[in-house]
Amino acid sequence: MNRLSVIIPVYNGEKYIEKTLESMVTQTVENFEVIIVDDGSTDGTADICKKYCDEYNDFFYVYQEHKGVYAARNAGIEKAKCEYILFLDCGDLLTDGTIEAIFACSDELDADVVTGRCWRNGDIEYEYDKPLDIIATMPVVENMETWLFKNRELGAKAIRKKYFDLYDFRFLDLSAYGEWLLLMQIVMKDAKICGCPDFILEKTVKHIEDGFSQFELPSYENIKSASYVISEIYEMGKAAIIDRTGTFDGDEAYVQELICYIYQFYLDNFYRKYWYMDEPSLLLMKEEFEKYAQLIRPEKFKKLQENNSDIRLPYIYIDKKEAANEPEFAIFFDLTKDEEYLPFLRSLYAQTYPFFEVMITESRFNSPAFPDEFRKMENITVLPDKNFHTNARKQAKTGKCFEVRSGEPLDMRVLRETALSKGPVFTAQYVFTQKRKTLGIRKNLKDKGLNLN
């Protein structure tokens, strides 16, 4: 009898879905079902999915008109028949022994939630998720453990289906972060949560040329969703403290850790993607920063400042012209081939450090191949092709200038690590080059299977 329902929503995923389904085929046990919910795909996704469903009896294909990933997951929940549910995104993989490890953990500990590890793998991002790693080493996790609210990866959880049946938990119609809310709802229902280090999700971070997904964009709608989800989680934490102690003053260790995480969450998911934000998004984000900053103890906020010393806290830039006029670095962008400059440019704007300016030639900027999304970036200066580098150095608003002659995408941490190095102006190009090289070597070694701490 099948014990696990693996629900996979997919929308126009022909590029990634086959490897996800193949990772189901290579599992070391067979007593699970796979429910593929096609959310109205218009590419070749349906043909790939139906091929697997025709070949394997426990693979099922469900089609719905395009309603979004949360509606697709909810449709999968309605079809699920097993004791546990696990949600995968298109492109996600489970290592071969993962489902067997989930069953072993369930049998030994009678877990309501089995939580594992997550290896995030992409061309500019490649690392294990630290909060997941920490929780995965705990056989039984206390529900008020602070690492749990930092544990937002849905695909690294096998959840007992009774929580969806008994409490009617479903994904809300939000633009983003609905999985975070659902996971915390389950945690706060006193679910027995057990770590399983042999449960490994390989999360495919889409190629840099694919750009940000709608869930990753620092849009006004996503900030609104984040604000709602965070408010609900805060209230759940508050209610849990009152239930346990009979009182709440906001100074409890759990809630202070939660508020600090919320502040860091806004920094990482929105402010560090600064150039993709519009004025309404920046103003709303500032309101959220101010609201939670008032709740943080001074010593905690000082620690946040130290951990984010590269972005000039507590000052928050709202005016993009002001931010563009105060860059830490200037990038001289003189790549000529489309296949070189597009990956590099996208990786530049995916950096976790936003205070840089870009100098670019007129011929490149005016090329029909230049993406429209970058034409509106306030930190780009367009200069004549003739004497480009000389003029770029004259007009740069900072002395820390980097000439880029290789189109290899940057690891997303390069600019931040360069900023944190705090070296003198004349060493900036050297530090940038070394950080770019070192992080590139780390990726190559990771890809070859070496274990780096």
Side-chain angles (χ1 to χ4, degrees), residues 149-150 152 174-178 180-181 184 212-238 250-251 255-329 348-358 373-374 376-380 397-398 412 415-416 419-420:
F149 55 68
K150 304 172 186 178
R152 298 187 289 114
L174 300 170
S175 66
Y177 307 112
W180 189 15
L181 177 58
M184 287 305 296
F212 289 124
S213 74
Q214 70 176 63
F215 298 104
E216 297 169 317
L217 281 172
S219 63
Y220 184 86
E221 293 76 15
N222 284 352
I223 298 176
K224 288 288 287 185
S225 281
S227 176
Y228 171 78
V229 168
I230 285 168
S231 178
E232 290 290 301
I233 292 172
Y234 179 81
E235 290 301 321
M236 283 190 282
K238 180 178 177 180
D251 204 39
V255 77
Q256 280 294 309
E257 193 73 18
L258 173 59
I259 295 167
C260 288
Y261 180 72
I262 289 169
Y263 198 95
Q264 188 68 55
F265 168 86
Y266 279 120
L267 287 174
D268 292 342
N269 291 278
F270 296 101
Y271 195 53
R272 288 187 180 277
K273 299 174 182 177
Y274 184 85
W275 298 109
Y276 284 97
M277 301 181 74
D278 57 19
E279 184 177 348
S281 301
L282 287 166
L283 290 172
L284 179 58
M285 182 195 64
K286 184 181 180 183
E287 290 177 12
E288 292 294 298
F289 276 135
E290 290 174 347
K291 177 168 66 177
Y292 288 102
Q294 293 175 7
L295 302 175
I296 301 173
R297 291 203 304 258
E299 65 272 18
K300 289 278 189 180
F301 193 77
K302 183 179 179 181
K303 187 67 174 178
L304 273 171
Q305 288 179 278
E306 291 172 357
N307 291 340
N308 296 278
S309 60
D310 57 313
I311 54 173
R312 308 165 186 176
L313 290 177
Y315 191 78
I316 300 291
Y317 287 93
I318 299 301
D319 185 335
K320 285 196 170 184
K321 289 183 180 179
E322 181 187 11
N325 283 328
E326 297 181 1
E328 181 76 9
F329 306 121
L348 185 60
Y349 280 92
Q351 290 294 299
T352 56
Y353 181 82
F355 301 124
F356 60 89
E357 63 178 333
V358 177
E373 67 185 282
F374 297 116
K376 61 184 179 182
M377 297 297 187
E378 288 88 340
N379 65 334
I380 290 182
K397 303 177 186 68
T398 173
M412 63 195 300
L415 285 188
R416 185 181 186 192
L420 289 170

Exercise. Taking side chain as C-beta onward, heavy atoms only, is Asn308 less than 4.5 Å from Leu304?
Worked result: yes

Seminar exercise, completed: Between Tyr353 and the options Tyr274, Tyr271, Phe329, the ring pair (Phe, Tyr, Trp, His ring centres under 6.0 Å) test singles out Phe329

Exercise. Would one find more than 12 heavy atoms of other residues, nucleotides or ligands at under 6.0 Å from atom NZ of Lys320?
Worked result: yes

For this session: Name all residues meeting the salt bridge (charged side-chain N to carboxylate O under 4.0 Å, His left out) criterion together with Glu328; count only those two or more places apart in sequence or in a different chain, and write none if there are none.
Result: Arg312, Lys400

For this session: With sequence neighbours left out, write down each residue that passes side-chain contact (heavy atoms from CB on, under 4.5 Å) with Asp268, or none if nothing qualifies.
Result: Gln264, Arg272

Exercise. Heavy atoms, side chains only, cut-off 4.5 Å: are Leu313 and Lys302 in contact?
Worked result: no

Problem set entry | For Glu287, all residues meeting side-chain contact (heavy atoms from CB on, under 4.5 Å), sequence neighbours excluded | Leu284

Exercise. Do Ile259 and Tyr234 pass the side-chain contact (heavy atoms from CB on, under 4.5 Å) test, and can you show the C-alpha distance, the side-chain angles, and the key distance before you say yes or no?
Worked result: CA-CA 8 Å; Ile259 295 167; Tyr234 179 81; 4.0 Å; yes

For this session: Evaluate the side-chain proximity of Leu348 to Phe356: yes if any heavy-atom separation is below 4.5 Å, no if none is.
Result: yes

Problem set entry | Non-neighbouring partners of Thr352 that pass side chain to side chain donor-acceptor pair (under 3.5 Å), sequence neighbours left out | none

Problem set entry | Non-neighbouring partners of Lys286 that pass side-chain contact (heavy atoms from CB on, under 4.5 Å), sequence neighbours left out | Glu290, Ile318

Exercise. Taking 4.0 angstrom as the limit, do Lys224 and Glu221 come out as a salt bridge?
Worked result: no

Problem set entry | For Asn269, all residues meeting side chain to side chain donor-acceptor pair (under 3.5 Å), sequence neighbours excluded | none

Problem set entry | Listed once per pair and sorted, the ring-ring contact (aromatic ring centres under 6.0 Å, His included) pairs that draw on residues 306-326, sequence neighbours left out | Tyr315-Tyr317, Tyr317-Phe355

Exercise. Hey, mind stepping through Glu279 and Leu282 against side-chain contact (heavy atoms from CB on, under 4.5 Å) and telling me if it holds?
Worked result: CA-CA 5 Å; Glu279 184 177 348; Leu282 287 166; 5.5 Å; no

Problem set entry | Separation of Tyr266 OH from Ile230 CD1 (nearest 0.5 Å) | 3.5 Å

For this session: Could you tell me which non-hydrogen atom of Thr398 sits nearest to which non-hydrogen atom of Pro327, and how far apart they are?
Result: CB-O, 3.7 Å

Problem set entry | Asp310 side chain reached by Leu415 side chain, heavy atoms, under 4.5 Å | no

Seminar exercise, completed: Applying side chain to side chain donor-acceptor pair (under 3.5 Å) to Tyr292 and not counting sequence neighbours gives none

For this session: Looking only at non-hydrogen atoms, find the nearest pair between Ala176 and Val229 and report the distance.
Result: O-CG2, 4.5 Å

Exercise. Does any non-hydrogen side-chain atom of Gln305 lie less than 4.5 Å from one of Phe301?
Worked result: yes

For this session: For Met377 and Trp275, work out which heavy atoms get closest and say how close.
Result: SD-O, 3.2 Å

Exercise. How would you list, by chain and number, every residue that makes a side-chain contact (heavy atoms from CB on, under 4.5 Å) with Pro218, sequence neighbours excluded?
Worked result: Phe270, Lys273, Tyr276, Met277

Exercise. Could you state the interatomic distance from CD1 (Ile233) to NZ (Lys238), rounded to the nearest 0.5 Å?
Worked result: 15.5 Å

Problem set entry | Tyr263-Phe289 aromatic ring centre distance below 6.0 Å | yes

For this session: Could you pull out all residues at least two apart from Lys303 that satisfy salt bridge (charged side-chain N to carboxylate O under 4.0 Å, His left out)?
Result: none

Exercise. Heavy-atom distance under 4.5 Å between the side chains of Ser175 and Gln214, does that happen here?
Worked result: no

Exercise. Excluding sequence neighbours, so at least two apart, what forms side chain to side chain donor-acceptor pair (under 3.5 Å) with Tyr349?
Worked result: Asn379

For this session: Please report the shortest heavy-atom distance between Ser309 and Leu420, naming the atom on each side.
Result: OG-CD2, 3.4 Å

Problem set entry | salt_bridge(Glu357, Lys397) N-O dist < 4.0 Å | yes

For this session: Evaluate the side-chain contact (heavy atoms from CB on, under 4.5 Å) criterion for residues Ile262 and Leu258: first the C-alpha distance (whole Å), next the side-chain angles of each, then the deciding distance (0.1 Å), finally the verdict.
Result: CA-CA 6 Å; Ile262 289 169; Leu258 173 59; 4.0 Å; yes

Seminar exercise, completed: dist Phe215:CZ -> Leu174:CG (nearest 0.5 Å) comes out at 10.0 Å

Seminar exercise, completed: The reported gap from CD in Glu288 to CG in Leu283 (rounded to nearest 0.5 angstrom) is 12.5 Å

Exercise. Is the closest side-chain donor-acceptor distance between Ser225 and Asn222 under 3.5 Å?
Worked result: no

Seminar exercise, completed: For Arg297, the salt bridge (charged side-chain N to carboxylate O under 4.0 Å, His left out) test, sequence neighbours excluded, returns Asp251, Glu299

Exercise. Step by step, would you call Met236 with Met184 a side-chain contact (heavy atoms from CB on, under 4.5 Å)?
Worked result: CA-CA 8 Å; Met236 283 190 282; Met184 287 305 296; 3.9 Å; yes

Problem set entry | Close side-chain approach of Tyr177 and Phe265, heavy atoms under 4.5 Å | yes

